[in-house]
Amino acid sequence: MAEHTIYFKNQPRIVSAYAVAGPKEGAGPIGRHIQKVLLDDKFGEKTYEKAECKILRSAIEGAILSAHIEIKDVGALFSGDLLNQIISASFAAREFDMPFVGLYSACSTMSEAMMVSSAFLDSKQLRYAVAATGSHFSSAERQYRYPLELGCTRPPQSQWTVTGAGACVLSSVGNGPKITAATIGRVVDFGVTDANNMGAAMAPAAANTLWMHFKETGRCPDYYDLIVTGDLGVLGSKLVKELVWEKGYDISQKHVDCGELIYAIKEQEFQGGSGAGCSAVTFCSYLYPKLCDGSLKRILFMPTGALLSTVSTQQGESIPCIAHAVVIESAVK
Amino acid sequence: MPKTNANNPYFNQNYLEYVGRCAPRTNEVRTLYRAFMVGGLICCIGQFLRYLFSSVLGLGGDELSGFVSMVLIFMGSLLTGLGVYDRIGKFAGGGSIVPITGFANSVVSPAMEFRSEGMIYGLAAKMFIIAGPIIVYGVASSVVVGLLYWIFG
(Lines give C-alpha, C1' and ligand atoms only; values in the text may rest on other atoms or scores of the structure.)
Protein backbone atom coordinates (compact mmCIF):
# COMPACT_ATOMS: atom_id res chain seq x y z
CA MET A 1 0.00 0.00 0.00
CA ALA A 2 1.31 3.44 -0.89
CA GLU A 3 2.32 5.75 1.93
CA HIS A 4 -0.10 8.51 2.91
CA THR A 5 2.47 10.75 4.60
CA ILE A 6 4.53 13.33 2.73
CA TYR A 7 7.52 15.20 4.15
CA PHE A 8 8.37 18.77 3.24
CA LYS A 9 12.14 19.02 2.82
CA ASN A 10 12.14 22.80 2.64
CA GLN A 11 9.59 23.24 5.40
CA PRO A 12 7.27 26.07 4.30
CA ARG A 13 6.68 28.70 7.00
CA ILE A 14 3.40 30.15 8.18
CA VAL A 15 4.33 33.83 8.23
CA SER A 16 0.99 35.21 9.36
CA ALA A 17 -2.51 34.17 10.35
CA TYR A 18 -5.71 36.16 10.72
CA ALA A 19 -9.18 35.20 11.89
CA VAL A 20 -12.50 37.02 11.52
CA ALA A 21 -15.53 35.72 13.40
CA GLY A 22 -19.06 36.56 14.47
CA PRO A 23 -20.25 37.84 17.84
CA LYS A 24 -21.08 34.39 19.21
CA GLU A 25 -17.54 33.20 18.56
CA GLY A 26 -16.23 36.44 20.01
CA ALA A 27 -18.09 35.68 23.21
CA GLY A 28 -16.62 32.17 23.42
CA PRO A 29 -13.57 30.94 25.37
CA ILE A 30 -11.05 31.96 22.69
CA GLY A 31 -12.95 35.08 21.64
CA ARG A 32 -10.38 37.50 22.98
CA HIS A 33 -7.71 35.96 20.69
CA ILE A 34 -9.73 36.41 17.51
CA GLN A 35 -8.18 39.24 15.51
CA LYS A 36 -11.48 40.68 14.30
CA VAL A 37 -14.84 40.05 15.94
CA LEU A 38 -17.90 41.32 14.08
CA LEU A 39 -20.80 43.08 15.76
CA ASP A 40 -23.38 41.20 13.73
CA ASP A 41 -23.10 38.18 11.50
CA LYS A 42 -24.52 39.89 8.41
CA PHE A 43 -21.44 42.17 8.24
CA GLY A 44 -23.44 44.86 6.46
CA GLU A 45 -24.45 42.57 3.60
CA LYS A 46 -27.97 41.75 2.35
CA THR A 47 -27.65 37.98 2.43
CA TYR A 48 -25.81 35.44 4.58
CA GLU A 49 -23.95 34.04 1.59
CA LYS A 50 -22.58 37.50 0.76
CA ALA A 51 -21.66 37.95 4.41
CA GLU A 52 -19.77 34.65 4.45
CA CYS A 53 -17.85 35.73 1.36
CA LYS A 54 -17.02 39.09 2.90
CA ILE A 55 -15.81 37.44 6.12
CA LEU A 56 -13.48 35.17 4.13
CA ARG A 57 -12.21 38.10 2.07
CA SER A 58 -11.61 40.07 5.23
CA ALA A 59 -9.57 37.23 6.75
CA ILE A 60 -7.46 36.93 3.60
CA GLU A 61 -6.83 40.69 3.54
CA GLY A 62 -5.91 40.63 7.21
CA ALA A 63 -3.45 37.79 6.74
CA ILE A 64 -1.75 39.49 3.78
CA LEU A 65 -1.45 42.78 5.71
CA SER A 66 -0.07 41.02 8.80
CA ALA A 67 2.55 39.33 6.64
CA HIS A 68 3.73 42.74 5.41
CA ILE A 69 3.54 41.64 1.81
CA GLU A 70 1.43 42.85 -1.06
CA ILE A 71 -1.26 41.07 -3.02
CA LYS A 72 1.00 40.90 -6.06
CA ASP A 73 3.53 38.88 -4.01
CA VAL A 74 1.06 36.06 -3.44
CA GLY A 75 1.60 33.14 -5.80
CA ALA A 76 -1.86 31.63 -5.32
CA LEU A 77 -4.87 31.49 -3.03
CA PHE A 78 -5.84 28.00 -1.86
CA SER A 79 -9.35 28.09 -0.49
CA GLY A 80 -12.75 26.48 -0.23
CA ASP A 81 -15.90 26.55 1.90
CA LEU A 82 -19.08 24.65 2.68
CA LEU A 83 -21.48 26.22 0.19
CA ASN A 84 -22.50 24.57 -3.08
CA GLN A 85 -19.88 25.13 -5.76
CA ILE A 86 -17.67 26.82 -3.07
CA ILE A 87 -19.14 30.20 -4.00
CA SER A 88 -17.76 31.96 -0.93
CA ALA A 89 -14.19 31.11 -1.84
CA SER A 90 -14.66 31.68 -5.58
CA PHE A 91 -16.36 35.05 -5.14
CA ALA A 92 -13.78 36.10 -2.54
CA ALA A 93 -11.03 35.10 -4.99
CA ARG A 94 -12.68 37.30 -7.61
CA GLU A 95 -11.76 40.31 -5.49
CA PHE A 96 -8.05 39.51 -5.42
CA ASP A 97 -5.71 39.78 -8.35
CA MET A 98 -4.07 36.42 -7.67
CA PRO A 99 -4.37 32.86 -9.00
CA PHE A 100 -6.93 30.68 -7.26
CA VAL A 101 -6.95 26.97 -6.49
CA GLY A 102 -10.41 25.95 -5.30
CA LEU A 103 -10.56 23.10 -2.81
CA TYR A 104 -13.24 21.16 -0.99
CA SER A 105 -13.06 18.74 1.89
CA ALA A 106 -15.89 20.15 3.99
CA CYS A 107 -14.68 21.00 7.48
CA SER A 108 -11.21 19.64 6.71
CA THR A 109 -10.58 22.32 4.09
CA MET A 110 -8.12 24.31 6.25
CA SER A 111 -5.60 21.51 6.57
CA GLU A 112 -6.18 20.51 2.95
CA ALA A 113 -5.38 24.09 1.88
CA MET A 114 -2.24 24.14 4.05
CA MET A 115 -1.16 20.76 2.73
CA VAL A 116 -1.68 21.51 -0.96
CA SER A 117 -0.12 24.98 -0.77
CA SER A 118 2.85 23.52 1.14
CA ALA A 119 3.49 21.13 -1.74
CA PHE A 120 3.74 24.08 -4.15
CA LEU A 121 5.92 26.02 -1.70
CA ASP A 122 8.19 23.12 -0.81
CA SER A 123 9.21 22.78 -4.46
CA LYS A 124 9.93 26.54 -4.39
CA GLN A 125 7.62 27.06 -7.35
CA LEU A 126 5.77 29.66 -5.29
CA ARG A 127 7.22 32.11 -2.77
CA TYR A 128 4.03 33.04 -0.98
CA ALA A 129 0.62 31.38 -0.81
CA VAL A 130 -2.56 31.98 1.15
CA ALA A 131 -4.52 29.10 2.70
CA ALA A 132 -7.97 30.13 3.86
CA THR A 133 -11.44 28.85 4.61
CA GLY A 134 -14.56 29.85 6.47
CA SER A 135 -18.17 29.07 7.18
CA HIS A 136 -21.36 30.79 8.34
CA PHE A 137 -24.04 29.37 10.61
CA SER A 138 -26.99 30.83 8.68
CA SER A 139 -25.83 29.91 5.19
CA ALA A 140 -25.01 26.38 6.34
CA GLU A 141 -28.44 25.99 7.94
CA ARG A 142 -30.11 27.19 4.74
CA GLN A 143 -28.22 24.71 2.64
CA TYR A 144 -28.12 21.66 4.85
CA ARG A 145 -30.93 21.95 7.33
CA TYR A 146 -34.06 23.99 7.96
CA PRO A 147 -35.09 27.64 7.50
CA LEU A 148 -33.83 29.75 10.37
CA GLU A 149 -37.25 30.82 11.65
CA LEU A 150 -38.71 27.30 11.71
CA GLY A 151 -39.78 26.34 15.20
CA CYS A 152 -38.09 22.97 15.58
CA THR A 153 -35.76 21.49 18.15
CA ARG A 154 -32.19 20.39 17.60
CA PRO A 155 -31.25 16.86 18.64
CA PRO A 156 -28.60 16.49 21.37
CA GLN A 157 -25.89 15.18 19.01
CA SER A 158 -26.05 18.27 16.81
CA GLN A 159 -23.36 20.94 16.50
CA TRP A 160 -23.39 24.66 15.80
CA THR A 161 -21.73 25.84 12.58
CA VAL A 162 -19.15 28.52 13.28
CA THR A 163 -19.55 31.92 11.65
CA GLY A 164 -16.00 32.85 10.85
CA ALA A 165 -13.00 32.52 8.58
CA GLY A 166 -9.28 32.01 9.06
CA ALA A 167 -6.47 32.71 6.60
CA CYS A 168 -2.72 32.03 6.71
CA VAL A 169 0.08 33.30 4.55
CA LEU A 170 2.58 30.54 3.92
CA SER A 171 5.98 31.09 2.43
CA SER A 172 9.07 29.33 1.15
CA VAL A 173 11.24 32.31 2.08
CA GLY A 174 9.85 33.89 5.25
CA ASN A 175 9.95 33.09 8.98
CA GLY A 176 7.43 31.48 11.25
CA PRO A 177 6.16 28.09 12.42
CA LYS A 178 7.14 25.36 9.97
CA ILE A 179 5.00 22.82 8.18
CA THR A 180 7.19 19.75 8.20
CA ALA A 181 4.92 16.95 7.03
CA ALA A 182 1.37 16.05 6.15
CA THR A 183 -0.72 12.89 6.04
CA ILE A 184 -3.25 12.88 3.24
CA GLY A 185 -6.58 11.52 4.45
CA ARG A 186 -8.63 8.85 2.77
CA VAL A 187 -12.40 8.71 2.61
CA VAL A 188 -13.75 6.53 5.45
CA ASP A 189 -17.37 5.53 5.93
CA PHE A 190 -18.61 3.35 8.80
CA GLY A 191 -22.23 3.65 7.80
CA VAL A 192 -23.51 6.50 9.99
CA THR A 193 -26.60 7.92 8.27
CA ASP A 194 -27.68 10.53 10.81
CA ALA A 195 -26.73 13.95 9.46
CA ASN A 196 -27.22 15.32 12.96
CA ASN A 197 -24.52 13.06 14.36
CA MET A 198 -21.45 14.27 12.49
CA GLY A 199 -19.09 13.49 15.33
CA ALA A 200 -19.81 9.78 15.10
CA ALA A 201 -19.57 9.90 11.29
CA MET A 202 -16.17 11.63 11.27
CA ALA A 203 -14.42 9.84 14.11
CA PRO A 204 -13.44 6.78 11.98
CA ALA A 205 -11.83 9.02 9.33
CA ALA A 206 -9.89 10.89 12.00
CA ALA A 207 -8.79 7.63 13.60
CA ASN A 208 -7.69 6.24 10.23
CA THR A 209 -5.51 9.26 9.42
CA LEU A 210 -3.99 9.24 12.89
CA TRP A 211 -3.19 5.56 12.66
CA MET A 212 -1.61 5.99 9.20
CA HIS A 213 0.37 8.96 10.44
CA PHE A 214 1.79 7.23 13.51
CA LYS A 215 2.49 4.03 11.63
CA GLU A 216 4.29 5.70 8.73
CA THR A 217 6.25 8.29 10.69
CA GLY A 218 7.09 5.89 13.49
CA ARG A 219 6.03 8.58 15.98
CA CYS A 220 3.77 8.20 18.95
CA PRO A 221 1.27 10.70 20.39
CA ASP A 222 3.86 11.99 22.89
CA TYR A 223 5.88 13.48 20.03
CA TYR A 224 3.26 16.25 19.82
CA ASP A 225 2.23 18.87 22.36
CA LEU A 226 -1.28 18.80 20.95
CA ILE A 227 -3.28 16.64 18.57
CA VAL A 228 -5.96 18.99 17.30
CA THR A 229 -9.16 17.82 15.61
CA GLY A 230 -11.63 20.20 14.02
CA ASP A 231 -15.18 19.53 15.02
CA LEU A 232 -15.58 16.06 16.36
CA GLY A 233 -17.49 17.41 19.34
CA VAL A 234 -17.86 15.67 22.67
CA LEU A 235 -19.12 12.36 21.31
CA GLY A 236 -16.75 12.28 18.32
CA SER A 237 -13.75 13.00 20.53
CA LYS A 238 -14.61 10.09 22.77
CA LEU A 239 -15.05 7.81 19.76
CA VAL A 240 -11.79 8.78 18.05
CA LYS A 241 -9.80 8.18 21.22
CA GLU A 242 -11.27 4.69 21.52
CA LEU A 243 -10.80 3.84 17.83
CA VAL A 244 -7.15 4.93 17.92
CA TRP A 245 -6.65 3.08 21.20
CA GLU A 246 -7.70 -0.11 19.43
CA LYS A 247 -4.74 0.42 17.08
CA GLY A 248 -2.40 0.81 20.02
CA TYR A 249 -2.07 4.59 20.39
CA ASP A 250 -3.26 6.63 23.36
CA ILE A 251 -4.04 10.20 22.33
CA SER A 252 -6.14 11.10 25.35
CA GLN A 253 -3.46 13.27 27.00
CA LYS A 254 -2.74 15.31 23.89
CA HIS A 255 -6.08 15.53 22.15
CA VAL A 256 -8.11 18.71 21.90
CA ASP A 257 -11.04 19.53 19.63
CA CYS A 258 -11.57 22.99 18.09
CA GLY A 259 -15.33 22.58 18.42
CA GLU A 260 -14.93 22.37 22.19
CA LEU A 261 -12.60 25.38 22.31
CA ILE A 262 -14.65 27.81 20.28
CA TYR A 263 -17.88 27.69 22.30
CA ALA A 264 -18.61 27.23 25.96
CA ILE A 265 -21.00 24.29 25.66
CA LYS A 266 -24.43 25.46 26.67
CA GLU A 267 -27.89 24.43 25.63
CA GLN A 268 -28.01 25.08 21.91
CA GLU A 269 -24.50 24.16 20.90
CA PHE A 270 -24.76 20.65 22.38
CA GLN A 271 -21.70 19.00 20.92
CA GLY A 272 -19.80 22.21 20.20
CA GLY A 273 -18.74 24.09 17.12
CA SER A 274 -18.43 22.74 13.59
CA GLY A 275 -17.88 24.02 10.07
CA ALA A 276 -14.80 24.80 8.02
CA GLY A 277 -14.43 28.03 9.96
CA CYS A 278 -14.19 26.22 13.29
CA SER A 279 -10.69 24.84 12.81
CA ALA A 280 -9.58 27.86 10.73
CA VAL A 281 -10.59 30.42 13.36
CA THR A 282 -9.19 28.36 16.23
CA PHE A 283 -5.86 27.82 14.49
CA CYS A 284 -5.39 31.37 13.25
CA SER A 285 -6.39 33.11 16.46
CA TYR A 286 -5.39 30.75 19.24
CA LEU A 287 -2.92 28.05 18.14
CA TYR A 288 -0.79 30.11 15.75
CA PRO A 289 0.37 32.70 18.33
CA LYS A 290 1.33 29.85 20.67
CA LEU A 291 3.41 28.24 17.92
CA CYS A 292 5.04 31.61 17.23
CA ASP A 293 6.11 32.23 20.81
CA GLY A 294 7.13 28.61 21.39
CA SER A 295 4.58 27.67 24.04
CA LEU A 296 3.50 24.95 21.61
CA LYS A 297 6.46 23.19 20.03
CA ARG A 298 4.82 20.63 17.77
CA ILE A 299 1.20 20.08 16.89
CA LEU A 300 -0.69 17.74 14.62
CA PHE A 301 -3.47 19.81 13.09
CA MET A 302 -6.19 17.53 11.74
CA PRO A 303 -9.67 18.94 11.16
CA THR A 304 -12.22 16.42 9.89
CA GLY A 305 -14.79 16.77 7.14
CA ALA A 306 -18.11 15.08 6.36
CA LEU A 307 -18.44 14.68 2.61
CA LEU A 308 -22.22 14.52 2.35
CA SER A 309 -24.74 16.63 0.50
CA THR A 310 -28.47 17.16 1.16
CA VAL A 311 -29.19 14.92 -1.82
CA SER A 312 -27.02 12.05 -0.65
CA THR A 313 -28.66 11.81 2.77
CA GLN A 314 -32.14 12.10 1.29
CA GLN A 315 -31.29 9.18 -0.99
CA GLY A 316 -30.46 7.10 2.04
CA GLU A 317 -26.67 7.16 1.69
CA SER A 318 -24.43 7.10 4.73
CA ILE A 319 -21.87 9.82 5.44
CA PRO A 320 -18.31 9.34 4.13
CA CYS A 321 -15.72 11.48 5.91
CA ILE A 322 -12.09 12.53 5.60
CA ALA A 323 -9.35 14.00 7.76
CA HIS A 324 -6.15 15.63 6.48
CA ALA A 325 -3.34 16.04 8.97
CA VAL A 326 -0.58 18.65 8.91
CA VAL A 327 2.46 18.69 11.24
CA ILE A 328 3.28 22.20 12.36
CA GLU A 329 6.41 22.89 14.42
CA SER A 330 7.48 26.04 16.15
CA ALA A 331 10.58 27.79 14.83
CA VAL A 332 11.55 28.78 18.39
CA LYS A 333 14.18 26.48 19.89
CA MET B 1 -30.28 2.26 17.78
CA PRO B 2 -28.97 4.46 14.96
CA LYS B 3 -30.60 4.10 11.58
CA THR B 4 -28.60 1.64 9.48
CA ASN B 5 -28.79 0.76 5.86
CA ALA B 6 -28.44 -2.97 5.55
CA ASN B 7 -27.58 -2.65 1.86
CA ASN B 8 -24.68 -0.34 2.58
CA PRO B 9 -21.43 -2.30 2.17
CA TYR B 10 -19.62 0.15 4.46
CA PHE B 11 -21.64 -0.13 7.58
CA ASN B 12 -19.73 -1.36 10.55
CA GLN B 13 -22.26 -3.04 12.82
CA ASN B 14 -20.12 -3.00 15.97
CA TYR B 15 -19.27 0.65 15.60
CA LEU B 16 -22.86 1.70 14.97
CA GLU B 17 -24.15 -0.24 17.95
CA TYR B 18 -21.49 1.35 20.13
CA VAL B 19 -22.42 4.81 18.85
CA GLY B 20 -26.06 4.02 19.59
CA ARG B 21 -25.16 3.25 23.18
CA CYS B 22 -22.93 6.31 23.65
CA ALA B 23 -24.98 8.93 21.89
CA PRO B 24 -26.59 11.48 24.20
CA ARG B 25 -30.27 10.92 24.78
CA THR B 26 -33.03 13.45 24.56
CA ASN B 27 -34.64 13.83 27.95
CA GLU B 28 -38.04 12.55 26.89
CA VAL B 29 -39.84 13.43 30.10
CA ARG B 30 -38.79 17.05 29.80
CA THR B 31 -39.45 17.38 26.07
CA LEU B 32 -42.84 15.64 26.22
CA TYR B 33 -43.94 17.77 29.13
CA ARG B 34 -42.97 20.97 27.32
CA ALA B 35 -44.60 19.83 24.06
CA PHE B 36 -47.91 18.98 25.68
CA MET B 37 -48.00 22.11 27.83
CA VAL B 38 -47.41 24.45 24.91
CA GLY B 39 -49.54 22.49 22.45
CA GLY B 40 -52.36 22.36 24.96
CA LEU B 41 -52.03 26.07 25.63
CA ILE B 42 -52.33 26.87 21.93
CA CYS B 43 -55.44 24.71 21.72
CA CYS B 44 -56.90 26.49 24.75
CA ILE B 45 -56.31 29.81 23.03
CA GLY B 46 -58.18 28.44 20.02
CA GLN B 47 -61.05 27.33 22.18
CA PHE B 48 -61.18 30.70 23.86
CA LEU B 49 -61.32 32.43 20.48
CA ARG B 50 -64.16 30.11 19.51
CA TYR B 51 -66.10 31.14 22.56
CA LEU B 52 -65.31 34.81 21.98
CA PHE B 53 -66.41 34.81 18.35
CA SER B 54 -69.57 32.85 18.95
CA SER B 55 -70.74 35.01 21.83
CA VAL B 56 -69.45 38.46 20.76
CA LEU B 57 -69.76 38.19 16.98
CA GLY B 58 -72.56 35.66 16.96
CA LEU B 59 -70.81 33.37 14.49
CA GLY B 60 -71.59 29.72 14.11
CA GLY B 61 -70.79 26.55 12.16
CA ASP B 62 -68.19 26.70 9.37
CA GLU B 63 -67.83 30.46 9.62
CA LEU B 64 -66.81 30.20 13.26
CA SER B 65 -64.21 27.49 12.53
CA GLY B 66 -62.90 29.58 9.65
CA PHE B 67 -62.48 32.67 11.78
CA VAL B 68 -60.71 30.84 14.58
CA SER B 69 -58.30 29.18 12.10
CA MET B 70 -57.68 32.56 10.46
CA VAL B 71 -56.73 34.23 13.73
CA LEU B 72 -54.46 31.36 14.78
CA ILE B 73 -52.74 31.30 11.38
CA PHE B 74 -52.26 35.05 11.60
CA MET B 75 -50.72 34.76 15.07
CA GLY B 76 -48.38 31.99 13.93
CA SER B 77 -47.29 34.01 10.89
CA LEU B 78 -46.83 37.21 12.88
CA LEU B 79 -44.72 35.51 15.55
CA THR B 80 -42.61 33.86 12.84
CA GLY B 81 -42.06 37.21 11.14
CA LEU B 82 -41.05 38.77 14.44
CA GLY B 83 -38.54 36.01 15.04
CA VAL B 84 -40.33 34.75 18.15
CA TYR B 85 -41.87 31.50 16.92
CA ASP B 86 -38.54 29.70 16.53
CA ARG B 87 -37.78 30.41 20.18
CA ILE B 88 -41.14 28.92 21.17
CA GLY B 89 -40.30 25.96 18.94
CA LYS B 90 -36.91 25.35 20.54
CA PHE B 91 -38.68 25.08 23.87
CA ALA B 92 -41.84 23.25 22.81
CA GLY B 93 -40.72 21.07 19.90
CA GLY B 94 -43.74 19.17 18.60
CA GLY B 95 -46.10 21.21 20.74
CA SER B 96 -45.66 24.23 18.49
CA ILE B 97 -45.15 22.41 15.17
CA VAL B 98 -48.29 20.27 15.24
CA PRO B 99 -51.06 22.88 15.77
CA ILE B 100 -52.20 25.08 12.90
CA THR B 101 -49.88 27.86 14.14
CA GLY B 102 -46.99 25.52 13.35
CA PHE B 103 -48.29 25.06 9.84
CA ALA B 104 -48.27 28.84 9.40
CA ASN B 105 -44.71 28.92 10.74
CA SER B 106 -43.64 26.22 8.28
CA VAL B 107 -44.89 28.31 5.36
CA VAL B 108 -43.75 31.74 6.51
CA SER B 109 -40.24 30.71 7.59
CA PRO B 110 -39.08 29.44 4.18
CA ALA B 111 -40.82 32.40 2.52
CA MET B 112 -38.72 34.75 4.66
CA GLU B 113 -35.60 32.67 4.18
CA PHE B 114 -35.67 32.37 0.41
CA ARG B 115 -36.77 35.90 -0.35
CA SER B 116 -33.11 36.64 -1.06
CA GLU B 117 -33.37 34.48 -4.17
CA GLY B 118 -36.15 36.65 -5.58
CA MET B 119 -39.95 36.77 -5.37
CA ILE B 120 -40.58 34.04 -7.97
CA TYR B 121 -37.80 31.43 -7.77
CA GLY B 122 -37.06 32.14 -4.15
CA LEU B 123 -40.04 33.13 -2.03
CA ALA B 124 -42.90 31.71 -4.10
CA ALA B 125 -41.21 28.53 -5.32
CA LYS B 126 -39.70 27.52 -1.96
CA MET B 127 -42.54 28.62 0.31
CA PHE B 128 -43.99 25.14 0.64
CA ILE B 129 -40.73 23.30 1.08
CA ILE B 130 -41.70 22.15 4.60
CA ALA B 131 -45.49 22.23 4.36
CA GLY B 132 -45.69 20.64 0.91
CA PRO B 133 -45.77 17.04 2.09
CA ILE B 134 -48.51 17.90 4.63
CA ILE B 135 -50.67 19.39 1.89
CA VAL B 136 -50.03 16.60 -0.61
CA TYR B 137 -50.58 13.68 1.74
CA GLY B 138 -53.38 15.46 3.60
CA VAL B 139 -55.36 16.01 0.41
CA ALA B 140 -54.55 12.53 -0.90
CA SER B 141 -55.74 10.83 2.28
CA SER B 142 -58.92 12.93 2.32
CA VAL B 143 -59.66 11.62 -1.19
CA VAL B 144 -59.24 8.07 0.08
CA VAL B 145 -61.47 8.72 3.09
CA GLY B 146 -64.05 10.36 0.83
CA LEU B 147 -64.08 7.31 -1.43
CA LEU B 148 -64.52 5.01 1.53
CA TYR B 149 -67.45 7.11 2.76
CA TRP B 150 -69.03 6.98 -0.67
CA ILE B 151 -68.62 3.21 -0.95
CA PHE B 152 -69.51 2.25 2.60
CA GLY B 153 -71.40 5.32 3.91
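Side chains are part of it too, since the values below use all heavy atoms of this structure and drop only hydrogens, waters and symmetry mates. These figures come from a predicted structure and were not determined experimentally. Naming convention: chains lettered A, B, ... in sequence-line order (proteins, then strands); numbering from 1 in each chain.
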Nearest heavy-atom contact between B/Y15 and A/A203 is OH-CB, 3.7 Å
Heavy-atom count around A/D40 CG within 6.0 Å, excluding the residue itself: above 12?
yes
One option among A/N197, A/L243, A/V188, A/V234 has the most heavy-atom pairs under 4.5 Å with chain B, and it is A/L243
message = Looking at B/R87 and A/E149, is any side-chain nitrogen of the basic one under 4.0 Å from a carboxylate oxygen of the acidic one?
response = no
To the nearest 0.5 Å, atom OG1 of B/T80 lies from atom CG of A/L150 at 8.5 Å
Turns out that what part of A/P320 lies under 4.5 Å from chain B's heavy atoms comes down to neither
Cut-off 4.5 Å, heavy atoms of chain B, and the answer for A/L235 is side chain
With chain B, the option among A/E49, A/K46, A/E242 that has the most non-hydrogen atom pairs under 4.5 Å is A/E242
query: Is it true that atom CZ of A/R145 has more than 12 heavy atoms of other residues, nucleotides or ligands lying nearer than 6.0 Å?
result: yes
Honestly, the part of A/L239 sitting under 4.5 Å from a heavy atom of chain B is side chain
message = Counting only heavy atoms from other residues, nucleotides and ligands, does the tally under 6.0 Å from NZ of A/K241 exceed 12?
response = yes
Discussion item. Can you tell me if B/L148 has over 12 outside heavy atoms packed within less than 6.0 Å of its CG?
Written reply: yes
Run B/S116 and A/R142 through side-chain hydrogen bond (donor to acceptor under 3.5 Å, both in side chains) and show every step you take. CA-CA 11 Å; B/S116 55; A/R142 283 182 106 223; 3.1 Å; yes
Looking only at heavy atoms, the pair that brings A/L148 and B/D86 closest together is O-OD2, 3.6 Å
Okay, B/I130 and chain A: the region with an atom under 4.5 Å from a heavy atom over there is side chain
Closest non-hydrogen contact found for B/G89 with A/T153 is O-CG2, 3.5 Å
_B/Q47, CD atom: more than 12 neighbouring heavy atoms under 6.0 Å_ = no
So, the part of A/Y48 with a heavy atom under 4.5 Å from chain B: the answer is neither
Rounded to the nearest 0.5 Å, the CZ atom of A/F190 sits from the CG atom of B/N14 at a distance of 10.0 Å
Among residues 102-113 of chain B, those lying within the under-4.5 Å heavy-atom range of chain A are B/N105, B/S106, B/S109, B/P110, B/M112, B/E113
Is atom OH of A/Y144 surrounded by more than 12 heavy atoms (other residues, nucleotides or ligands) closer than 6.0 Å?
yes
Looking at A/L39, I want to see if its CG is surrounded by more than 12 non-hydrogen atoms of other residues, nucleotides or ligands under 6.0 Å. no
Turns out that what part of B/F114 lies under 4.5 Å from chain A's heavy atoms comes down to both
